[in-house]
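Let me begin by presenting the structure, written as structure tokens, before commenting on it.
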Amino acid sequence: MTASTDFLAKLNPSQRAAVEHFCGPLLVVAGAGSGKTRALTFRIANLVLNHRVDPESILAVTFTNKAAKEMKERIEVLFAEQEAQAKHGKSLSALPEYEQTKLRSHVYKTVTKHLWIGTFHALCSRILRFDIEKYQHPDGYTWKKTFSIFDESDAQSLVKNIVTKQLNLDDKKFNPRSVRYAISNAKNQNFTPAELEKEQPNYRGRMVADVYRHYEKALAANNSLDFDDLIMIPVKLFQQNESVLGYWHNRFRHILVDEYQDTNRTQYDLIRLLTTNGEDIQQFNDWRNRSTFVVGDADQSIYSFRAADFTILMNFQNDFGDGLADDDTRSMVKLEENYRSTSNILHVANHIIENNTERIDKILRATRGEGETIFCYKADDEIHEADFVVGQLRNLEFQHPELKWGDFAILYRTNAQSRSFEEILTRYSIPYQVVGGLRFYDRREIKDVLAYVRAIANPDDTVSLKRVINVPRRGVGKGTLDKLDQATQTLGCPLWEILRDEGSVKTLAGRSAKGVLEFARIIKKCRDRLDDAKGSEIIQELLEDSGYIDALKAEGTEEADERIGNVQELYNAVLQFEEENEDSSLLAFLANASLASDLDNMEEGNNRVSLMTLHSSKGLEFPVVFLVGLEQGLFPNFRSLEDPAATEEERRLCYVGITRAKERLFISYARERRLYGHREPASPSLFLGELPVDYVTTNSGLGMPQRMTTPIRDARSEREGAAKPGSGAHEFDWNAGDIVVHPSYGAGEVTHIFGAGNKICLAVKFPNQGRKIIDPKLTKLQRAE
DNA sequence: CCCAGTGTCTCTTCC
DNA sequence: AGACACTGGG
């Protein structure tokens, strides 16, 4: 392959600086629509083409599987283009189709196949397939390569069982869901049960830690991991085993992380360990042939509910970087040109996000024309709202021949809001796709079949065995299951150890023994073929043998037919997986299925209106966006109303939604909405009051939403006064531990200092408000003694 | 052991 | 309104 720089000419200067930065740390602060995916893909291409980096030593972390797939695709095209120029002196598209295919498959074999691109979860599960057997849990548990990945409902029923059955706790006080959430949170911060207990030294903390301990034991007994383990266990393994860490550290010399503002503590630890080989981050400076390149935007941090912490991004300069101010630093680049949206849309977005106090200074410059104004619609109820949206949709599609159904998106805060839109879209026969909600892999029949497969691949997976031991009905009821359970507890062995032994089953199960033995026979038979048969063959056999399909056929209902169809689709997915993947084992397929999100199925070019939550929409863009349900309690969600930090996250979510739009943006809300089957009055969202009046047209005059007076507003007016040049941060020399007084939050303690020079930001902990990030240039802080 | 009928809770957001 | 867990009669 010939070295080439002409593809870099397509980049703007800051993009180019980011892409061409070779070794060392780099933070790319990339606003919405500033071409960060482009920077990432071009960077990978540049590393391989111009710096001769071995594709195997590149690790790129994306936020979704879909993004990973797209990135591989784009890199493949980029390389094929280079080769087409070098070999044929023509552009790729000018070549005959068979030449194109040939080139692309060559690129696949030599480059893209060897790149590790994926989500934290997918990449970590790959690492674990190599190394999990070397991991030692502090309580002595170990795992095998055949581990299962439990989904959220598996995890929750495990927790419920521990709370109610094993520890006899009151499940009102220790609601399994919130306990599970607390455990997940602990794992996302790389806390062991003991560390969690230390963090919360009270009765509840002790109890949750105890559940956590039992939960770990149960996972180990099933040779299973939950989602959080996929990341935490590699981290703990790296911390305890130098040679394992050394291997991966040497292998991954160029690390790229997208959406860095949404990483949590454990994910950060992983990146840090891989970069420094376990050396203290402050001491580490051996960047020869190595880079750690992260891209993010603190204004788009929307995952704090799964322990994402955007101060990790703000700390990058101190952690990995040179810690110098913007003008001098060599470890930060800002992408501030927005290529996506009209300037009207951008203005509205910028205006909204300015209401947040927790942010770093960033300008998003428009590169496009003004465009249309934003339209804000007040509806009577959610049906009327859907009528409005679909009416606009049809109008625009009719009037603008260039607009296709696939160019429209309806974005909402909660999945439950999709229904009213679906009904009306169906009525007008407009094709649509709902992204999210019930995942394909979460359907009952799919989970059943996958439970069979998991049980076959992982003999210790008792949870899966129990799920399907009586599916279809084999006369194995609760009584029998209890007896089997008891036996496993007494013997301390997995369920399968009992099932495999005919004598034991006959003794324990009595009349049900026949069904249990039949089940055991099926599992065993399929398991025996694991080594020599293809996964698809085993599944086919399983579906016949188990009578699963026959039982559905016998039902004869429309619902059962649909389930049969879904199972068929699953089978097709296995076939496709085997075709597309190097490692096409059932284990690999299962991992893929566990980590698949509904977004991954979303197809572009199938020309359907997209319906999805704001969270799912991150990273996407649409010519026309409808942002719906802007009501207090819905968006911002009622759980965040009391907490200013949570409200700010909702506002970032709103910012994400607005910045998805390229040409047109519609915002809507209803006066009344159905909730739990009852009509409830609704009031306009706080965010409506923050829209810049001159940029918005409405159907009801703009007096409507009352502006809320909150401390946040006060902080803003403060800011306008203070943001003059001259009033600098140089006056003060800030230190961690300083006590300051904030105009609206009162006294607090400085805990961190971000940035340097006149670009300094402070993290201040207020007794009642929690931690805030404050720019002392914008908000006057008084120093207290 | 299985089914049908009743009661309970829920709507954050996702890998 | 709808999904899901629990209970009691067959």
Side-chain angles (χ1 to χ4, degrees), chain A residues 61-68 118-125 149-153 155-157 160 164 171-172 175-177 181 184 187-188 225-232 259 262-264 266-267 301-308 382 411-420 435-439 441-442 444 470 472-482 509-512 514-516 591-600 612-619 629 631 633-641 646 649-650 652-654 656-657 673-680:
Chain A
V61 186
T62 58
F63 205 66
T64 62
N65 295 302
K66 181 167 177 274
T119 61
F120 271 110
H121 292 87
L123 296 167
C124 284
S125 87
I149 301 168
F150 278 6
D151 66 21
E152 205 37 57
S153 72
Q156 223 168 96
S157 47
K160 187 179 171 191
T164 58
D171 68 352
K172 291 275 181 309
N175 173 270
R177 224 174 82 173
Y181 182 73
S184 176
K187 289 190 174 190
N188 284 326
L225 305 178
D226 64 22
F227 286 136
D228 310 315
D229 287 331
L230 291 176
I231 294 151
M232 187 181 73
E259 307 284 8
D262 279 324
T263 51
N264 60 42
T266 310
Q267 291 164 339
S301 172
I302 54 174
Y303 280 97
S304 70
F305 72 91
R306 59 180 207 208
E382 80 280 358
L411 307 181
Y412 36 73
R413 177 69 239 265
T414 65
N415 282 305
Q417 286 167 260
S418 73
R419 180 176 300 161
S420 48
V435 176
L438 189 63
R439 269 185 349 142
Y441 288 106
D442 285 336
R444 197 178 73 199
N470 197 34
R473 298 257 123 88
R474 297 188 180 92
V476 184
K478 191 171 179 301
T480 311
L481 222 47
D482 280 349
R511 251 189 314 157
S512 308
K514 199 170 156 248
V516 177
N592 179 65
S594 304
L595 301 176
S597 79
D598 202 45
L599 197 65
D600 307 330
M612 69 184 86
T613 62
L614 288 154
H615 282 90
S616 294
S617 76
K618 189 162 84 160
E631 291 141 44
L634 184 61
F635 186 31
N637 193 266
F638 68 97
R639 297 182 122 95
S640 62
L641 292 180
E649 176 145 326
E650 297 283 309
R652 289 193 290 271
L653 200 50
C654 185
V656 166
R673 185 173 290 272
R674 251 195 147 79
L675 190 69
Y676 304 138
H678 289 284
R679 311 214 131 265
E680 298 283 347

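Per chain, numbering begins at 1; letters A, B, ... match sequence-line order.
- Other residues, nucleotides and ligands contribute over 12 non-hydrogen atoms within 6.0 Å of the CZ atom of A/R306.
- Side-chain contact annotation: A/E649 with A/S304, donor-acceptor N/O pair under 3.5 Å present.
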*Sugar-phosphate atoms are those with a prime plus P, OP1 and OP2; base atoms are the rest. Using that split, label each nucleotide of nucleotides 6-15 of chain B B, S or - for protein heavy atoms under 4.0 Å, 5' to 3'.*
----BBBBBB

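- No donor-acceptor contact under 3.5 angstrom links the side chains of A/D171 and A/T164, judged on distance only.
- Within 4.0 Å of A/R473, counting heavy atoms only, lie sugar-phosphate atoms of the nucleic acid but no base atom.
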*asked:* Can you build the contact string for nucleotides 2-10 of chain C? Use B for base contact, S for sugar-phosphate-only contact, and - for no protein heavy atom under 4.0 Å.
replied: S--------

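- Under the rule for a ring-ring contact (aromatic ring centres under 6.0 Å, His included), the partners of A/H615 that lie at least two apart in sequence or sit in another chain are A/Y303, A/F305.
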*asked:* Please determine whether side chain to side chain donor-acceptor pair (under 3.5 Å) holds for the pair A/S153 and A/Q156, giving the CA-CA distance in whole Å, both sets of side-chain angles, and the decisive distance to 0.1 Å.
replied: CA-CA 5 Å; A/S153 72; A/Q156 223 168 96; over 6 Å; no

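- Counting heavy atoms from C-beta outward, A/E631 and A/R413 have side chains that stay 4.5 Å or more apart.
- A/S512 and A/V476 make their closest contact through O-CG2, 4.3 Å (heavy atoms, listed as atom of the first residue, atom of the second, distance).
- Few gaps surround CZ on A/R679; more than 12 heavy atoms of other groups in view lie less than 6.0 Å from it.
- Going from atom CD of A/E680 over to atom P of C/dA1 covers 14 Å, rounded to whole Å.
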